[in-house]
2 protein chains.
Amino acid sequence: MATVIALLPARSTADGTHRRLLEEALLRFGERGFHGVSVREIAEAAGIRASSIYAHLESKEELLFQLMYIGHEEHYEMLRHALLDAGADPFSQIRHVVAAHVRLHATYPLLARVCNRELPALSEANRDRVLTIRSNSEQLILDVINRGMSRGVFHVSDPWLGYAAIGSMGIRVAEWWDQRAYDIEDVAETYADFAVRLLSGAPAT
Amino acid sequence: MATVIALLPARSTADGTHRRLLEEALLRFGERGFHGVSVREIAEAAGIRASSIYAHLESKEELLFQLMYIGHEEHYEMLRHALLDAGADPFSQIRHVVAAHVRLHATYPLLARVCNRELPALSEANRDRVLTIRSNSEQLILDVINRGMSRGVFHVSDPWLGYAAIGSMGIRVAEWWDQRAYDIEDVAETYADFAVRLLSGAPAT
DNA sequence: CGGAAACGAACGACCGTTAGGTCGTCGGCG
DNA sequence: CGCCGACGACCTAACGGTCGTTCGTTTCCG
């Protein structure tokens, strides 16, 4: 096996062929998108015929949904645990949360890309399930920012824009991390610095 | 016409049916991706039959390439003019460049999404043409950061990570701007503030 | 011996693209 | 001035191929 690190979080309970399908689908969806990859290609990469997929999944979309659900769950859980580890200091909180955000995107870059690109390919019901988790993560970060604001240690003209900017920095790590020679922890530290600077800098102009 | 603002930059010289095809393709590629949209759908949205497309373009991929080329050109030109307007002060330079970066992504969000998602759908030759422009834009921003560093007004542990973080903030604007009630100029100003803070903050830890 | 997991074959739909023809416009020439 | 040929834009029809999925059967393990 060429992959040194796991493609999927341990959270995925799928095993055997099911897991193999998720992994091979992830590799391809991550590179060429949901609509750019056929069921036959995934099946044959997993060593079975296309028709055999339907013993494990009810549709191609379910493959995408399971990946996106696992990805969003893992992300939220990483943020939540990071916050629990951070204590009560807003600086520590934002540093822990941003570092976890970055780590997720560098550890599972393909999963993160799929999660951030393929929302429109999901049925409305499945999209809603994913968006529910996403809004929990958004709220978690916004809570940290707002708390820091009300304690007077963070100063931004608009908290949501602060959230958007910090979130964006991390999301994009999934697009370049595996092509560059950075250490995950260095990036996580640096981005945590960036977030602190961005939120706490003296009000500009 | 429902569209209030232009879908495409004035830079696109295509007119008539050709332009119509670019616009209808952009609307759909921006929502569901290159592989998620058929030639027939684009053609019929433009009021012609699928086969008539080939009087204007030689392939579906050329439609994507023209969009991506226009988008990357417009982006680079906006950055370049912003820098020319900024004078010699590193703070002014980064503010102007970041504001232009944000403005591009809020003015042409669909075009920006296509440019940032569909690189793997291009042939190698076309991808290279697009990546050439992209690396010019990268270098332009890196030059501003490095110059600020060597003048001692910017302090980041790694200039490329600073570039990546600032670039990411702006790129993601294309994903949310048209769904939220922000004024472009407010976002551009705020993100320029963020970039200045991110680059010039006191060395953390 | 039962059931899960795999198979080959086939379904109807749709894919990007080509071939060949019709129509209207327009520049050049007798 | 009036005709003519070329051309561009569009059409219908069809190509070979691939799509996601279903069906009925076989294989194999507990």
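Note that the coordinates shown come from a computational prediction; the quantities given were computed from them, not determined experimentally. Chain naming here is simple, since letters A, B, ... match the order of the sequence lines and numbering starts at 1 in each.
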Would you say a side-chain N or O of B/His56 is under 4.0 Å from OP1 or OP2 of D/dC10?
yes
Between CD of B/Glu61 and P of C/dG16 the distance, given in whole Å, is 13 Å
Of the candidates C/dA6, D/dT21, D/dC10, the side chain of B/Thr17 sits closest to D/dC10
Of the candidates C/dG16, C/dG8, D/dC11, the side chain of A/Ser51 sits closest to C/dG8
Under the 6.0 Å and 45° cation-pi test, does B/Arg172 pair with B/Trp177?
no
Give the C-alpha distance, both sets of side-chain angles, the deciding distance and a yes or no for salt bridge (Lys or Arg N to Asp or Glu O under 4.0 Å) between B/Glu118 and B/Arg127. CA-CA 10 Å; B/Glu118 304 293 352; B/Arg127 186 163 53 240; over 6 Å; no
In whole angstroms, the gap separating C1' of C/dG16 from CZ of B/Phe29 amounts to 12 Å
To the nearest angstrom, the CD1-C1' distance between A/Ile48 and D/dT21 comes to 14 Å
B/Ile53 CD1 to C/dT17 P, in whole Å, measures 9 Å
Checklist entry - So, does the side chain of A/Ser38 form a donor-acceptor pair with the base of D/dG20 at under 3.5 Å? => result no
note: A/Leu63, atom CG; D/dG20, atom P; distance rounded to Å ~ 11 Å
Here the distance between atom P of D/dG8 and atom NE2 of B/His18, to the nearest Å, is 15 Å
Is a side-chain N or O of B/Ser52 found less than 3.5 angstrom from the main chain of B/Ile48, in a donor-acceptor match?
no
To the nearest angstrom, the OH-C1' distance between B/Tyr54 and D/dC7 comes to 22 Å
Note to self: D/dC11, OP1 or OP2 - any side-chain N/O from B/Ser52 closer than 4.0 Å?
What the structure shows: yes
Can the ring centres of B/His105 and B/His75 be said to be less than 6.0 Å apart?
-> yes
Regarding the side chain of A/Arg40, the nearest nucleotide among C/dA6, D/dT21, C/dG16 is D/dT21
Practice problem: Establish whether the base of C/dT17 is bridged to the side chain of B/Ser59 by a donor-acceptor pair shorter than 3.5 Å. | Solution: no
Open item on the list: Need one value for B/Arg49: base, sugar-phosphate or nothing, where a base atom within 4.0 Å counts as base even if backbone is also close, heavy atoms only.
Closed with: base
Given side-chain contact (heavy atoms from CB on, under 4.5 Å), test B/Leu67 with B/Leu8 step by step and report yes or no.
-> CA-CA 9 Å; B/Leu67 288 170; B/Leu8 289 171; 3.7 Å; yes
From CD of A/Glu44 across to C1' of C/dC7 the rounded distance in Å is 12 Å
